[in-house]
Amino acid sequence: MTPLGPAFFDRDVVTVARALIGVTLLVDGAGGEIVETEAYDREDPASHSFSGPTARNAAMFGPPGHAYVYLSYGIHWCLNLVCREEGHGAAVLIRALEPTHGIGAMRERRGLQSDKLLCSGPGRLSQALGVTRRLDGVALDAPPFRLLCGEASRRMVRDGARIGITKAMDRPWRFGVAGSPYLSRPFPRP
DNA sequence: AGCCAGATATGCT
DNA sequence: GCATATCTGGCTT
């Protein structure tokens, strides 16, 4: 397991979303292997950055390799990783992890749960890892974050329509490990 | 599988 | 002011 290189996020957001599958994401030592992501781009009607910079989405227009954290439906925190050059407003939403590290701490934060429901969804994942607004705009290459690339465990990555959006449904910018029990939702049959 | 409440920051009128 | 939101959990069909 080696840390991601500094140029990892300095690429097209769709490329990064796919490349993040299989990467281990930890916050204060708790987390797991990313099994589901979604890409959001500046020219994307479904993206928070579509209408330009605001106070909320400022991190999306900041440097790549930093976190963008926002509150969804007034209840759930969602973690995104900013991509491309500064000012591009592109980020990858982390939607699900396969828990591997700090499972005890994650169970405590989530309340008693089966491991399958610990990190299977953007809100659940943030609750399990303790992600809140305090991590908005924070760099990913230093504590509390750790991003580790494992052995080339080439798992089969599938793509499909993103979840929970009402615009740009045609863009197949959701990526995930086909058949993983830790997905927030299964991918349709091939 | 489908329906609905919950809680609030955000952005647009 | 007000409708909306990158959601989840619990309840009903």
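In what follows, every heavy atom counts, from backbone to side chain, and hydrogens, waters and symmetry copies are set aside. In what follows, every chain begins at residue 1, and chains take the letters A, B, ... in the order their sequences are listed.
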Position toward the 5' end of DNA chain C (nearest nucleotide), Leu125(A) or Lys167(A): Lys167(A)
Checking [X] side chain against [Y] main chain: does a donor-acceptor pair fall under 3.5 Å?
X	Y	value
Asn57(A)	Gly52(A)	yes
Arg110(A)	Met106(A)	no
His101(A)	Gly31(A)	no

Which whole-number value in Å describes the distance from [X] [atom1] to [N] [atom2]?
X	N	atom1	atom2	result
Leu79(A)	dC7(C)	CG	C1'	15 Å
Leu93(A)	dC7(C)	CG	P	8 Å
Glu38(A)	dC7(C)	CD	P	8 Å
Arg185(A)	dT8(C)	CZ	P	11 Å

Trp173(A) with Leu81(A), same ILVMFWY side-chain cluster at under 4.5 Å: yes
Cluster check Tyr182(A), Val92(A): I/L/V/M/F/W/Y, side chain < 4.5 angstrom: yes
Whole-Å P distance, dG1(C) and dA7(B): 22 Å
More than 12 heavy atoms from other groups under 6.0 Å of CZ on Arg146(A): no
Arg11(A) atom CZ, neighbour heavy-atom count above 12 within 6.0 Å: yes
Verdict with supporting geometry, Phe175(A) and Leu20(A), side-chain contact (heavy atoms from CB on, under 4.5 Å): CA-CA 9 Å; Phe175(A) 301 95; Leu20(A) 278 169; over 6 Å; no
Distance, nearest 0.5 Å, that separates CD of Glu43(A) from NE2 of His88(A): 8.5 Å
Touch class at under 4.0 angstrom, heavy-atom based, for Ser47(A) against every strand present: base
Donor on one side chain, acceptor on other, Thr54(A) and Arg56(A), under 3.5 Å: no
Quick one: which protein N/O atoms are closer than 3.5 Å to N/O atoms of nucleotides 9-13 of chain C? Pair and distance per line, please.
{"from": "dG9(C)", "atom 1": "OP1", "to": "Arg110(A)", "atom 2": "NH1", "distance (Å)": "3.0"}
{"from": "dG9(C)", "atom 1": "OP1", "to": "Arg110(A)", "atom 2": "NH2", "distance (Å)": "2.8"}
{"from": "dG9(C)", "atom 1": "OP2", "to": "Arg124(A)", "atom 2": "NE", "distance (Å)": "2.3"}
{"from": "dG9(C)", "atom 1": "OP2", "to": "Arg124(A)", "atom 2": "NH2", "distance (Å)": "2.3"}

Where protein sits on nucleotides 7-12 of chain B, one letter per nucleotide: B base, S sugar-phosphate only, - none, heavy atoms under 4.0 Å: BBSSS-
Pairing annotation in dot-bracket form, given for DNA chain C with Watson-Crick or G-U pairs under 3.5 Å and | for cross-strand partners: |||||.||||||.
Stepwise side-chain contact (heavy atoms from CB on, under 4.5 Å) check, Phe9(A) with His66(A): CA-CA 9 Å; Phe9(A) 291 101; His66(A) 288 236; over 6 Å; no
